[in-house]
Structures are given as C-alpha cells and as structure tokens.
Amino acid sequence: MIEILNAEILGFLSNLEDVDEEYLKIIDKKSTTSITDDLKNGHLTSNICMIVASQLKLNPKKLSSDLANKLDSLGIFKKVESAGPGFINVTLKREDFLSTLRIINQQKEKFGESILNSNQKVQIEFVSANPTGPLHVGHGRGAAYGDALARILSATGSNVEKEYYVNDAGRQIDILTASVIMKMHESDNSFFPQNAYKGKYIEDLGKKIEEKDNFNLIIDKSILDNLPKDPEKEIDEIISYLKNHYQANWKTVKDFSLKSIIKDIKNDLRNFNVEFNNWFYESSLGSLDDSKSEISVSINRLEENKQAYKKDGAIWLNTEDSGDDKHRVLVRDDGRATYFASDVAYHKNKIDRGFDEIINIWGADHHGYIKRIESSIEGLGSKKEKLIVKLVQFANLYKDGSKVKMSTRSGEFYSLNDLIEDIGSDAARFYYLSKQADQHLDFDIDLAKSDSKENIFYYIQYAHARIFSLEEKYKGLKSSKNIKKFNLSNIDYIKCDKLIHEISKYPGIVIKSALTYQPHLIIFYLRDLSQIFHSYYNDNHILSEEKDNQEFIINCMSSVRQIISNGLNLLGITPMQKM
RNA sequence: GCGCCUGUAGCUCAGCUGGAUAGAGCAACUGCCUUCUAAGCAGUGGGUCAGGAGUUCGAAUCUCUUCAGGCGCGCCA
C-alpha cells in the first residue's frame, strides 16, 4: 500500500506549478512514507508536504490539506488527513490493514524476505582469528555479528559467501610451534620462554604429539643459558635455533598444532551455529620466492602502477592519496614480506573472485588499517567502494558482578566454548547482537541466565513459547489441523489492531537492518512486538472468546509467532516451543 | 599530537539518511495468579538528550567547538 500511496502523492505533486521531474526525484529520495509509530496517527504517514513546502516556499499545512483532500477523494483509502505541522496520515481500509495477516499466512517462514539486493554477490569475511589458540569471547562477538549479517543479507536477496581467513603463515605460527616444543621440554630443563603461548592447550598439543610420534629432541643447555633478556629477541632466537637444528621435528609439530587448533576452532564455531563456506589460507598466497605467487604478482602490479617503490632496501606502498598518514612497508629490507603484503594479496584475490561487495568484519582495534587496505585496492586498479569494513568493538564480560579478565598470551581466558557451555549458544548470540557492533558491549553472564523481564532473550522466547502452546491447545479444541481462510474484511474485532500494526512493520525492519548492517534492530523490534503481545495476552482470554473471533485471534497470534521465529532465525537463534 | 568510536532517566541501553508530547527494561512505590505458561501484565514518580554556538518552519539526530571516556597510531600479526 505504501507504493500506491507514494505513486498517488507523486502524481499530485507533478501537477503543481514549479515542479519538474528532476525535482520530484529529489523529493522522492528525501521524503519518507512509512508505517506510523502510533495507531492514533493512522496506518501510514508521509512527511512529504513539509519537505516540498520548505523547498518551494509554500505553506506546508495548506499543501498537506490539499493533498489529503485529493487522496481522500480517490476512495482508495478509508481516510486521509492532514495533521500536525503538515503530515499526511492515512487510514487504510479494513481489508488492506488486515492483508498482512494473509500474506504471512501464505509466506510463512519466507515472510520478511525481499529482493532489495537481488543478485548481489557478497562476501563476508569474519572471525579470522589467528590459529594460535582457542576462540575467546571477543571472537564470539564477531562470529555472531558476521553470521547474523550474512543471514540478513541473504534474506534481502544477496548471494552471500562466508569466509574465514586463516593466518597460517608468519611469526605467530612460529611462536606457536616453539611454544609447543618448549612446553614438551619444560620439565627437562625447567625453562620456558617469556613470550611463548602458555595456555593448557599448548601442553595438550605437546602430549598428543608425544603419544603419536615419540620424537627425541634435545636442547643444548648452553643455548638456553645464553639467550637474550628481551622477550621478543629471546623467542626469535629459540625459533631460529629449533628451525635450524630440528627441521623435520619443527614441521611435524607445526603441522599438527595448526591442524589441531583449526579443527577446534571449526568445532567451536559449529557449536555456535556458525558455518563458513570457505576457509582461505594465508599460506596459499605463496611466497616472494615464487614470482607467480599471488603475493609477488600483487607487489609487482603495485610497482608497475607506480604505487609501490623501493627505499632504504625495503618496498613501500604509497598510501597517502587515501588519507593514510604515512607510507607502509610491503617487503622488509631483509627481503621478507610483511603481514600487510599478504593482506594486499588476499584482497586482490577477493576482488578477482568478482564479488560486488566485500565485507570485512574486524576488531575495532584495526580501524587504522582500513585506509591502507583501501589504498592498496586502488593501487591495484580496483574501486575501494567495493570494500566495506565493519568494526566490532570489544566485549567486556561480567560474571558474579565483576569483570572477567582475559589474556591470550598467558592462556588464562574465558573461551567462547566456556560461554556456550555456560549460557547456551542462543542466549550468547542474542546478547552479542543486542547492541550495535561498533560500540562497547558489557556482557553480563548472570543477566543472560536470569529469569526476569530484564532478560530480553527470555522475554521474546517466552512470547513465542506462549503462542506455540496456545496453538496446540486450540488445535486440540477444534480437532481441526489447519486454520482455514476467512473473509478478512468482515472482521471487526479490533483488540488485535495494535499487534497487527506492529506486525506489518517487520519487512521494513529487515530491510533497514540489511541497509545499515545492524542486526540489533531486529532484536529491539522483536522486544517491542513481544511487549504488545504479552500485554494483549494478559488482558484477553483467547480460548474463551466467541467462536467467530477466536479463529481470527489465533491467526493473529500465529502471525506474531511466525515473525518472532523468522526474526530469531535471522540472528541464528532457535525459537523455543516450551519454557 | 593525529585518527576512529562514545556521552540520552539513579543503572543498562533504544531512538541518529532532521519531523508529531524523547522511549524501554532494571532499581523505588502500588495493584493483578480457582481460567490459555506470573520468565507475564497494569499503574506512579524520574530527563538542561555532556556544555556552548550555528544551519531552519523544525535538532537527541546535521556542522563547528569545548569538556569527559574508550581504542588505534611498528620494516608485529
């Protein structure tokens, strides 16, 4: 109906003096025709008269009243009024108002889907935690956000591919390998490097490897005694010693540890209801030694495009055009590529795969990194607009009233898996998504477990469960399985109107959530919908209503349940049938 | 110093492509379970939307500025 209304409004405006088509297009963009917040203002509302009036120096009140009269006379709507400073408020005919119920009944779990982004090929890369240990609660937020976003964009017609970038190359993997080896030998020489990873999983990895390959590796005492004091230099020295003296063992430990950790990460994500379509390995980008590798090709092209240059023995990327504050090193003076170089090659690879939109979900601490990646994309001759970086802020975890400390290096942290075991995947996802991703989140585990109204997760689930149970009871009562169609226009029962009005907003919420990349909008909508439902449910005893109304009411209730179910699905949460 | 984010009720937060009296929940107080799930509902009180200036018919929303907080500024990844 909004489209019809808009078309009529534009028709009216085009007949005004001083209005040309160009202008109408601008108006069309700036104005909003939407579902009203409150039923007292009718069903639909438009602010268009105020916008037109301000541009053309007309009286908004007069214009809106003219337009209202015109629209009213068409007979399409039940009532059209001019209100307030110049709003157009439209009351729909009963059957149009109720038509949403019929649509939900037809579309069921598809209700809310649209073709907003039809055929957009979108990639979302998220989590991408270094495979040096288990996922912690910080990663959980990125996982929940990325996955929900993927679901929402899919619902609006995009063809979405979810990808995890595995940093299986570089120094942190060396540190991991050295950590495992040194842990295995800690008891022999009572020494463990300051900067090595320390979690229990390191010990477990060592034990598994010892069970599998009974390898014997002796570390020279004199080496350990002469290590540098600086933690960074100390670990580097150990790495180079182990690599040089125990090449085969090094590879065994490295491969096993990586494989094992990645397997655990996949498993944790599966428990969190997140499945990736693609796992992209940094190592597949190749090395600089191979002139045909993706990483070499990228750097060569940047040089050809005069974006990269040699200076002080290193290769630099000019990133200043895109507003970065300094140039960035791609290849170090010792000939090794930087992490940034890999990332440039990775983004080149993404672009080559032909996505219309590439979404990166990064921790907020990486925000300074955006400009230089954009710059590299431009440098390679592509458009940086294809890249959309969404930042996810840290989540502070609170348990028993105090902050849970987290430190990856020390290995003492509350893992994502701990969280899932503690409160369940659904509640965890819900709370991760309950606030805008780019803002700090205080995650209160006690609240997530509490059974009060403050716990919105249960509040929404409770609405769903109540309706589910009601439907079961109703079916038993009628002993008829399907709710048959009826003539909506004859229903004069109005107590559900507030609910129906709220229901009709759902498709718009999904679209807005997709356009703004904000899953939390769905949560707040579901809470409002649940609130209206609970209120109605308390005031009315449905199963003792008159038969004529009962069927209609159950239909409304089913629609509410369907929407809660659909909405939770977009967040990757399973609705509860019983509580 | 530079960049990004934030500041709304005592607390936790919605609302931000400008629109109608600024909304929820918690906490405080008062009611509602012999009937479909009380993990619920109804009500009362609570606000200089951090401060200031600007843009305009209209600003929590946009611009500038001040203050306060968080994060980031490696030839680390």
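Throughout, a chain's letter reflects where its sequence line sits, starting with A, and its residues are numbered from 1. These values consider heavy atoms only, across backbone and side chains, with no hydrogens, waters or symmetry-generated copies.
Of the candidates A:Tyr281, A:Tyr346, A:Trp362, A:Tyr165 forms a ring pair (Phe, Tyr, Trp, His ring centres under 6.0 Å) with just one, namely A:Tyr346.
The interatomic distance linking A:Tyr517 (OH) with B:U17 (P) rounds to 16 Å, in whole Å. Between the CG atom of A:Leu526 and the P atom of B:G25 there is a distance of 17 Å, given to the nearest Å. Note: CG (A:Leu39) to P (B:A20) measures 17 Å, nearest angstrom. Rounding to whole angstrom units, CH2 of residue A:Trp362 and P of B:C5 are separated by 16 Å. The distance between atom CG of A:Asn396 and atom C1' of B:U6, rounded to the nearest whole Å, is 14 Å. Rounded to whole Å, the distance from CD1 on A:Ile48 to P on B:G18 is 14 Å. For A:Asp37 and B:A14, the CG to C1' distance is 13 Å, given to the nearest whole Å. Rounded to whole Å, the distance from CD1 on A:Ile445 to C1' on B:U12 is 16 Å.
For the pair A:Glu125 and A:Lys350, the salt-bridge criterion is met [side-chain N within less than 4.0 Å of a carboxylate O].
Comparing the P positions of B:A50 and B:G10 gives an interatomic distance of 13 Å, to the nearest angstrom. Across the C1' atoms, B:C75 and B:C67 are found 39 Å apart, a figure rounded to whole Å. B:U8 and B:G52 have their P atoms separated by 15 Å, with the value rounded to a whole Å. Spacing of P atoms, B:U61 relative to B:C16, comes out at 13 Å, to the nearest Å. Only the C1' atoms considered, B:C13 is 14 Å distant from B:A22, to the nearest whole Å. Nucleotides B:U21 and B:U63 place their C1' atoms 28 Å apart, quoted to the nearest Å. Of the P atoms belonging to B:G74 and B:G69, the separation is 23 Å, rounded to the nearest Å. Comparing B:G46 with B:A39, their P atoms are spaced 31 Å from each other, to the whole Å.
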Intra- and inter-strand pairing of RNA chain B, written as dot-bracket with Watson-Crick and G-U pairs under 3.5 Å and | for the latter, reads (((((((..((((.....[...)))).(((((.......))))).....(((((..]....))))))))))))....
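Contact annotation for A:Asn89: base contact, defined as any heavy-atom pair under 4.0 Å involving a base atom. At the heavy-atom level, A:Lys61 lies nowhere under 4.0 Å from the strands shown. Backbone-only engagement by A:Leu521 is indicated by non-hydrogen atom pairs under 4.0 Å involving sugar-phosphate atoms exclusively.
Atom-to-atom distance recorded for A:Ile235:CD1 and A:Asp174:CG is 9.5 Å, nearest 0.5 angstrom. For the atom pair CG (A:Asn555) and CG (A:Asn549), the distance works out to 12.5 Å, reported to the nearest 0.5 Å. Distance OG/A:Ser434 to CZ/A:Arg429: 13.5 Å, rounded to 0.5 Å.
In this structure, A:Glu385 places its CD atom where more than 12 heavy-atom neighbours from other residues, nucleotides or ligands lie under 6.0 Å away. Within a 6.0 Å radius of NZ in A:Lys498, no more than 12 heavy atoms belonging to other residues, nucleotides or ligands are found.
Looking only at distances, no side-chain donor or acceptor of A:Gln461 sits under 3.5 Å from a matching main-chain atom of A:Gln577.
Listed by residue number, the members of residues 429-437 of chain A with any heavy atom below 4.0 angstrom from RNA chain B are A:Lys435, A:Gln436.
In this structure, A:Ser535 does not reach the B:G40 phosphate: none of its side-chain N or O atoms is under 4.0 Å from OP1 or OP2. For A:Gln518, no side-chain nitrogen or oxygen approaches OP1 or OP2 of B:C16 to under 4.0 Å.
With sequence neighbours excluded, no residue satisfies salt bridge (Lys or Arg N to Asp or Glu O under 4.0 Å) with A:Asp312. Applying the salt bridge (Lys or Arg N to Asp or Glu O under 4.0 Å) rule to A:Arg328 yields the partners A:Asp324, A:Asp325; only residues at least two apart in sequence or on another chain are considered.
In this structure, B:C11 is classed as anti because its glycosidic torsion departs from zero by more than 90°.
Using cut-offs of 30° and 60° on the angle between ring planes, the pair A:His501 and A:His43 is tilted. Ring planes of A:Tyr164 and A:Trp279: parallel class, angle under 30° (limits at 30 and 60°). Note: A:Tyr431 and A:Phe443 have tilted aromatic rings, judged against thresholds of 30 and 60 degrees for the angle between ring planes.
Under the 4.5 Å side-chain criterion, counting only non-hydrogen atoms from C-beta, A:Glu237 is in contact with A:Pro228. You'll find the side chain of A:Leu71 reaches within 4.5 Å of the side chain of A:Leu5, heavy atoms only.
Here A:Phe524 does not pack flat against the base of B:A14, since the 5.5 angstrom centre distance and 30 degree tilt limits are not both met.
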Contact string for nucleotides 70-77 of chain B, one letter per nucleotide 5' to 3', B = base within protein heavy-atom range under 4.0 Å, S = sugar-phosphate only, - = neither, reads SBSSSBSB
With 3.5 Å as the limit, what N/O pairs link the protein to nucleotides 31-38 of chain B?
{"residue": "B:U35", "atom": "O2'", "partner": "A:His541", "partner atom": "NE2", "Å": "3.4"}
{"residue": "B:C36", "atom": "O4'", "partner": "A:His541", "partner atom": "NE2", "Å": "3.4"}
{"residue": "B:C36", "atom": "O3'", "partner": "A:Lys473", "partner atom": "NZ", "Å": "3.2"}
{"residue": "B:C36", "atom": "O2", "partner": "A:Leu543", "partner atom": "N", "Å": "3.1"}
{"residue": "B:C36", "atom": "N3", "partner": "A:Ile542", "partner atom": "N", "Å": "3.0"}
{"residue": "B:C36", "atom": "N4", "partner": "A:Tyr537", "partner atom": "O", "Å": "2.6"}
{"residue": "B:C36", "atom": "N4", "partner": "A:Asn540", "partner atom": "O", "Å": "2.3"}
{"residue": "B:U37", "atom": "OP1", "partner": "A:Ser469", "partner atom": "OG", "Å": "2.9"}
{"residue": "B:U37", "atom": "OP2", "partner": "A:Lys473", "partner atom": "NZ", "Å": "3.0"}
{"residue": "B:U37", "atom": "O2'", "partner": "A:Tyr462", "partner atom": "OH", "Å": "2.1"}
{"residue": "B:U37", "atom": "O2'", "partner": "A:Arg466", "partner atom": "NE", "Å": "3.0"}
{"residue": "B:U37", "atom": "O4", "partner": "A:Met579", "partner atom": "N", "Å": "3.2"}
{"residue": "B:A38", "atom": "OP2", "partner": "A:Arg466", "partner atom": "NH2", "Å": "2.4"}

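In summary, the aromatic rings of A:Tyr537 and A:Phe533 are positioned with their centroids under 6.0 Å apart.
Nearest-nucleotide assignment on RNA chain B puts the 5′-proximal partner with A:Ile88, out of A:Ser530 and A:Ile88.
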